[in-house]
Amino acid sequence: MKKIAQCLLIVMLLTGLTGCKDKINIEDITMALLYGIDIDEQGEVNIYMASPVFSKEVKEKNEQFKVKSLSIKEASDFIDSRATGITAGGKVQTVLISRKVIEYKDWYSILDLFYRDPKMRLNADIVFVNGPVSDVIEFSPKNKPRLSIFIPQLIKTANFRNVSVRTSLRNYYSMKTEKGMTPFAPELTLKDNVLEISGTTLLNNQNQYKRTLSLKETLLLKILRANTEGQLSMWLKAKQHTKNENTISKEKISFYIMDIKRNVKKKYKDGKYEFNINLKLPVAITESPIKLNDNSQGKLKKEIEKELQKELNIFVKSLQNDKLDPIGFGLFARSFKYSEWKKVEDNWVGAFQQSKINVKVKIILIDKGITM
C-alpha cells in the first residue's frame, strides 16, 4: 500500500513539473502594450509598437519600434528581428490611430489581426490622434508614468468625468456594423508638450473622419445617450443679472447632474420619423450667479432648463446637418416602425437628417448648497 501511495505522489509531482517546461521569464518578453498606426508624407502606412523594459540594467524603461507595413502581423515579425524578447500582443492596452488614417475608406482592414487572432485583446481602447502618432509614441514626460500606463489612465479619468468617451475595439466593431448609428471614439492631442484628451472623434456611415466634438459637446452627447460614468459636471452661460458697482460679474451656472431619466417618444408621419426626447435631470448646484433662496431657486431652475434645452437642440441639429448619428436614433426607428426602417436602413443617416427631433428638459433641484 505504501508503494502505491509513493508511486501516486511521484506521478503527481512529475505532472506538476510539466507546466514549468515552457515558462518564459518576463525579462524575455517584448510585451506590446501600445500599438500605433499612421500614414507618412509618402502615403505609406507605418506601424508603431511600444513595450515596457523590465531589465534593471537599462535607464530607458520603454522601447519603441516602427515598421512600414500594411499588416500588423508582418510588422510584429519584423519587430521580432529587432527586439530582445518574444513579442506578445495579448496585453495590448491602447491602439492609437492618426486622423490621416481614418480619412481613408478602407483603413479599418488594418485592424484585421485584432479580431481574428484569439491571442489579441479586444478590450483594448481605440483612440484617434490629432497629429502624428510618432510624436505620441516618442513622448516621454518626466512627471508621468510610462506611456503604456499613462494613456489608459488618461482615457479612464476623462470618461469618468464624462468629458470624453471610451471605446474598446470590441465596441467599435459593434458600432461600425450597426446600421442605426455612426461610430465614435476619444481623440488625443499632443500640444505644447502636454498630452490631453481633446474631445470625441465622429466618423460617418462610411467609417471616415467627419468631425471632432469639443469637451462641452461630448457632455451633451453623453446626456442625450443617457450613458454617463461617475460624475457629470455641467456649466452654462447665465443671462445678464443685475450687477452692482465694484463687483465681479459672474455669468456661469455650474451643477452636477446626479442622474438621467430619458423617455423617447417615437412617431412616423408623412414619410418621416419624429422623436421627442424628454429628459428629467436631478441636479445639485455648485455655482450660481444669484443668491439662492426659496424664492429665487425657481428662477434659476427655469433658466437652466431653457439654456440646456437650447444647447441640446442646437447640438442635435448640427448632427443632422452633418449626417451623423452617434446617439443611435436609428435603433429607436428600427424598434418602432420596422417595415419603414427596412426601406431606409442602408442610408439611415439620410432619413435621420430629414427626421423631426425635439429635446425637452425638466430640472429637479435637489441641492442648492449653502446660500451665500
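The chain is numbered in sequence order, starting from 1.
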What I'd like to find out is whether the side chain of [X] reaches to under 4.5 Å of the side chain of [Y], using heavy atoms alone.
X	Y	value
Thr212	Thr200	no
Asn193	Phe139	yes
Leu324	Val349	no
Lys261	Asp259	yes
Met234	Leu219	yes
Phe336	Tyr268	yes

For this session: List the steps, then state whether salt bridge (charged side-chain N to carboxylate O under 4.0 Å, His left out) holds for Lys342 with Glu345.
Result: CA-CA 5 Å; Lys342 290 297 291 182; Glu345 64 173 342; 2.8 Å; yes
Is a side-chain donor or acceptor of [X] paired with a backbone partner of [Y] at a separation under 3.5 angstrom?
X	Y	value
Thr167	Phe184	yes
Gln320	Phe352	yes
Ser164	Asn159	no
Arg170	Ala124	no

Taking the basic N atoms (NZ, or NE/NH1/NH2) and the acidic carboxylate oxygens, is any pair closer than 4.0 Å for [X] and [Y]?
X	Y	value
Glu303	Lys306	no
Glu217	Arg211	yes
Lys156	Glu229	no
Arg166	Asp125	yes
Arg99	Glu187	yes

Exercise. Members other than Ile314 in its cluster, when Ile, Leu, Val, Met, Phe, Trp, Tyr link by side-chain heavy atoms under 4.5 Å?
Worked result: none
For this session: Identify the residue among Val127, Ile126, Thr218 that makes a side chain to side chain contact (heavy atoms under 4.5 Å, CB included) with Pro186.
Result: Val127
Problem set entry | For Leu188, the option from Ile155, Ile97, Ile151, Thr201 that meets side chain to side chain contact (heavy atoms under 4.5 Å, CB included) | Ile151
For the rings on [X] and [Y], is their centre-to-centre separation under 6.0 Å?
X	Y	value
Phe114	Tyr35	yes
Tyr115	Tyr173	yes
Trp107	Tyr209	no
Tyr108	Tyr172	yes

Counting heavy atoms not belonging to [X], are there more than 12 under 6.0 Å from its [atom1]?
X	atom1	answer
Arg225	CZ	yes
Lys356	NZ	no
Lys73	NZ	no
Asp192	CG	no

Problem set entry | Worked check of salt bridge (charged side-chain N to carboxylate O under 4.0 Å, His left out) between Lys269 and Glu274 | CA-CA 7 Å; Lys269 186 178 179 181; Glu274 293 184 13; 5.2 Å; no
Exercise. Where do Arg146 and Ser140 land on the side chain to side chain donor-acceptor pair (under 3.5 Å) test, with the steps shown first?
Worked result: CA-CA 7 Å; Arg146 61 184 63 182; Ser140 182; over 6 Å; no
For this session: With sequence neighbours left out, write down each residue that passes salt bridge (charged side-chain N to carboxylate O under 4.0 Å, His left out) with Glu305, or none if nothing qualifies.
Result: Lys301
Problem set entry | Evaluation steps, side chain to side chain contact (heavy atoms under 4.5 Å, CB included), between Ile304 and Phe255 | CA-CA 10 Å; Ile304 293 173; Phe255 50 91; 3.8 Å; yes
Seminar exercise, completed: When Asp325, Thr182, Asn205 are each screened for side chain to side chain donor-acceptor pair (under 3.5 Å) with Trp348, the one that passes is Asp325
Exercise. Does NZ or CZ of Lys179 come closer than 6.0 Å to the centre of the six-membered ring of Trp341, within 45° of the ring's axis?
Worked result: no
For this session: Determine, stepwise, if the pair Lys222 / Asn162 fulfils side chain to side chain donor-acceptor pair (under 3.5 Å).
Result: CA-CA 7 Å; Lys222 287 211 159 192; Asn162 293 292; 3.3 Å; yes
